[in-house]
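Right, one structure below, let's go through it.
The residues of the chain are indexed from 1 along the displayed sequence.
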Amino acid sequence: MEEYPLKTLEIVCLGSSLALSGLFYYIYRKKRKTVDKLNEAPQLALNDELANLLNQAPGKCLQYVIIEGAVQPIGEPLRSQFQEGTVGVIQKLVLREHKLVWNSLARTWTDSERVLHQRVNAVPFNLVGSDQALVRVLCPLEATGPDMEVIHEKFHQAIYGFTDLIGQYLSGEKPKGQLETEEMLKVGAALTGVGELILDTDRAVKLRPPADGSEYFLSTGDFEALRLEQEGQALVWRTLATACALAGMAVLLWAARRFYRRLQTKWERERLRREFERLGSGSRAASVSSSSGTAQDGEEGELEPLENACVVCLSNPRSCVLLDCGHVCCCFSCYQALPQPTCPICRQTIRRVVPLYQV
């Protein structure tokens with residue numbers, strides 16, 4: 001792993017940041033495209049002229065338009081199970097369980113919830129304009145929204161005894177109770193629809209999900225609030241994508257900095273090695289020339305051992321000073337071969353090495 005500029009943890013962080021950045025950017029582009037389509041979509045008045053406008057349009061269809069009106073059921077509306085006299089066209093009943101779960105890392109109890117039961121009921125309905133013009137809303141459950149009004153909310157507290165308490169602490173889960181809610185899109189509520197508008201064969205105007213895959217909206221707020229909400233979501237996804245990309249760039253810069261420092265160390269060691277080799281070759285030449293005269297006196301012509309021989313290899317002259325201890329005890333080749341950067345004499349950590357100049 002020493003040859004690779006990236007470590008395993010850095011590779012994991014870089015890959016995760018790039019993957020998340022790509023995912024967030026993809027979601028941002030989808031949201032940005034939706035916002036652009038909302039800005040370009042025409043806002044039509046719900047009146048009697050709407051059918052004539054669609055009759056003149058190609059294919060009697062307008063692909064992406066904005067329409068506003070009041071909710072009116074087709075037939076019998078839905079009635080609330082908990083509030084007498086409240087009627088609507090979409091009803092959502094949810095039963096959630098709330099409990100405390102023991103977090104061993106934080107050493108505390110944290111709140112948790114899960115949906116035990118959920119049911120959504122809907123009946124066909126129209127949007128009604130100022131002069132009683134109607135637009136039939138198709139597939140309302142496929143649309144984004146609407147944010148329905150909570151008309152009933154009741155929390156049922158959990159009851160347990162001593163044995164239940166013991167079991168809860170052993171299992172790490174403590175039930176708090178169940179929350180029962182009912183949401184409803186009421187009759188007469190103002191609704192903004194964004195989708196594909198068509199004119200049926202019976203001259204009935206209908207709003208349905210766009211055939212090109214654009215997002216279908218039903219919102220209880222006005223169009224400006226819907227547009228600002230979508231722009232805010234797009235901004236959030238762009239911020240997340242930018243943050244992940246910056247995190248990946250920071251990992252790359254950190255790895256590049258460490259790799260550059262490693263190269264600097266390698267270049268410095270190579271420079272010292274060449275300098276030590278040059279000094280060592282000069283010292284060996286001087287030793288050979290000084291001992292050539294004395295070698296003739298011996299019967300075998302053997303050279304005398306070096307007085308300043310390296311304590312490790314005992315053949316090369318001592319050619320470096322180990323700092324901070326200051327010992328001169330080895331040649332540079334043996335210094336490079338040390339398993340640990342510690343002085344062979346005093347075992348002190350070697351901070352740096354300088355060449356030994358002998359005259």
Side-chain angles (χ1 to χ4, degrees), residues 27 30-31 34 68-103 106 108-127 136-161 164-165 167-168 171-195 207-209 215-223 225-230 232-234 236-237 240:
I27 299 175
K30 288 186 65 177
K31 284 293 179 183
T34 300
E68 294 181 354
V71 174
Q72 182 186 73
I74 302 175
E76 188 69 20
L78 296 171
R79 300 189 179 276
S80 171
Q81 295 185 5
F82 301 98
Q83 262 193 19
E84 188 177 354
T86 303
V87 293
V89 293
I90 301 177
Q91 180 189 48
K92 184 177 180 181
L93 300 169
V94 183
L95 182 63
R96 294 182 178 89
E97 180 189 31
H98 288 259
K99 60 184 177 181
L100 295 174
V101 179
W102 177 253
N103 190 330
T108 185
W109 293 90
T110 58
D111 194 14
S112 174
E113 71 172 45
R114 67 186 181 98
V115 176
L116 297 178
H117 177 73
Q118 178 174 305
R119 188 178 67 193
V120 180
N121 303 319
V123 295
F125 66 94
N126 294 325
L127 293 182
R136 172 79 178 272
V137 178
L138 304 178
C139 308
L141 299 183
E142 296 181 12
T144 300
D147 294 329
M148 296 182 289
E149 181 182 349
V150 178
I151 60 174
H152 172 77
E153 188 173 36
K154 186 176 181 181
F155 187 77
H156 301 275
Q157 184 72 35
I159 301 175
Y160 35 78
D164 296 328
L165 286 174
Q168 292 165 11
S171 63
E173 294 185 357
K174 183 191 297 186
K176 295 175 62 179
Q178 296 178 352
L179 179 63
E180 183 181 57
T181 60
E182 181 184 14
E183 302 176 24
M184 182 170 283
L185 178 60
K186 293 182 178 180
V187 173
L191 194 66
T192 301
V194 182
L207 182 70
R208 67 182 184 183
E215 195 165 0
Y216 182 35
F217 291 100
L218 291 176
S219 174
T220 51
D222 57 5
F223 171 69
L226 175 63
R227 186 184 64 82
L228 291 177
E229 180 185 359
Q230 295 301 311
Q233 293 181 9
V236 169
W237 289 116
L240 290 175

Heavy-atom closest contact (G177 atom, F155 atom, distance): CA-CZ, 3.6 Å
F223 side chain reached by E68 side chain, heavy atoms, under 4.5 Å: yes
Reported NZ-to-CG distance for the pair K186 and L191, which is rounded to 0.5 angstrom: 15.0 Å
Nearest heavy-atom neighbours spanning P175 and A158: O-CB, 3.8 Å
Euclidean distance, M184 CE relative to I90 CD1, rounded to 0.5 Å: 10.0 Å
Beyond-backbone contact of R136 with I74, side-chain heavy atoms, under 4.5 angstrom: yes
Distance-minimising heavy-atom pair for S80 and I151: OG-CD1, 3.4 Å
Exercise: identify the closest heavy-atom pair between T192 and D222: OG1-CA, 3.8 Å
Side chain to side chain, H117 and V115, heavy atoms closer than 4.5 Å: no
Approximate separation, where rounding is to 0.5 Å, of Q91 CD and L78 CG: 5.5 Å
Side chain to side chain, L179 and H98, heavy atoms closer than 4.5 Å: yes
T110 side chain to V101 backbone, donor-acceptor under 3.5 Å: yes
Validation row: F217, L226 side chains within 4.5 angstrom (heavy atoms): yes
Distance-only polar pair, side chains of T181 and E153, donor-acceptor under 3.5 Å: no
Within 6.0 Å of CD in E84, more than 12 heavy atoms from elsewhere: no
Stepwise side-chain contact (heavy atoms from CB on, under 4.5 Å) check, K92 with Q118: CA-CA 7 Å; K92 184 177 180 181; Q118 178 174 305; 3.8 Å; yes
Heavy atoms of other groups near I159 CD1, more than 12 under 6.0 Å: no
Atom pair NZ (K176) and OG (S112), whose distance is rounded to the nearest 0.5 Å: 10.0 Å
Pair T86-Q83, side-chain donor/acceptor within less than 3.5 Å: yes
Greater than 12 external heavy atoms within 6.0 Å of D147's CG: no
Min side-chain heavy-atom separation P146-S219 under 4.5 Å: no
Distance (rounded to the nearest 0.5 Å) between L207 CG and N126 CG: 11.0 Å
Aromatic plane relationship, F82 with H152 - under 30° parallel, 30 to 60° tilted, over 60° perpendicular: parallel
Trace of the salt bridge (Lys or Arg N to Asp or Glu O under 4.0 Å) decision for K154 with E180: CA-CA 5 Å; K154 186 176 181 181; E180 183 181 57; over 6 Å; no
Shortest non-hydrogen contact from W237 toward K31: CD1-CG, 4.0 Å
K99 side, atom NZ; E173 side, atom CD - distance, nearest 0.5 Å: 3.5 Å
Nearest heavy-atom neighbours spanning L165 and Y160: CD2-CE1, 3.7 Å
Derivation of the side-chain hydrogen bond (donor to acceptor under 3.5 Å, both in side chains) call for T34 and Q230: CA-CA 8 Å; T34 300; Q230 295 301 311; 5.6 Å; no
Heavy-atom side-chain proximity of V150 to M148 below 4.5 angstrom: no
Q81 vs E182, side-chain hydrogen bond (donor to acceptor under 3.5 Å, both in side chains): CA-CA, chis, key distance, verdict: CA-CA 8 Å; Q81 295 185 5; E182 181 184 14; over 6 Å; no
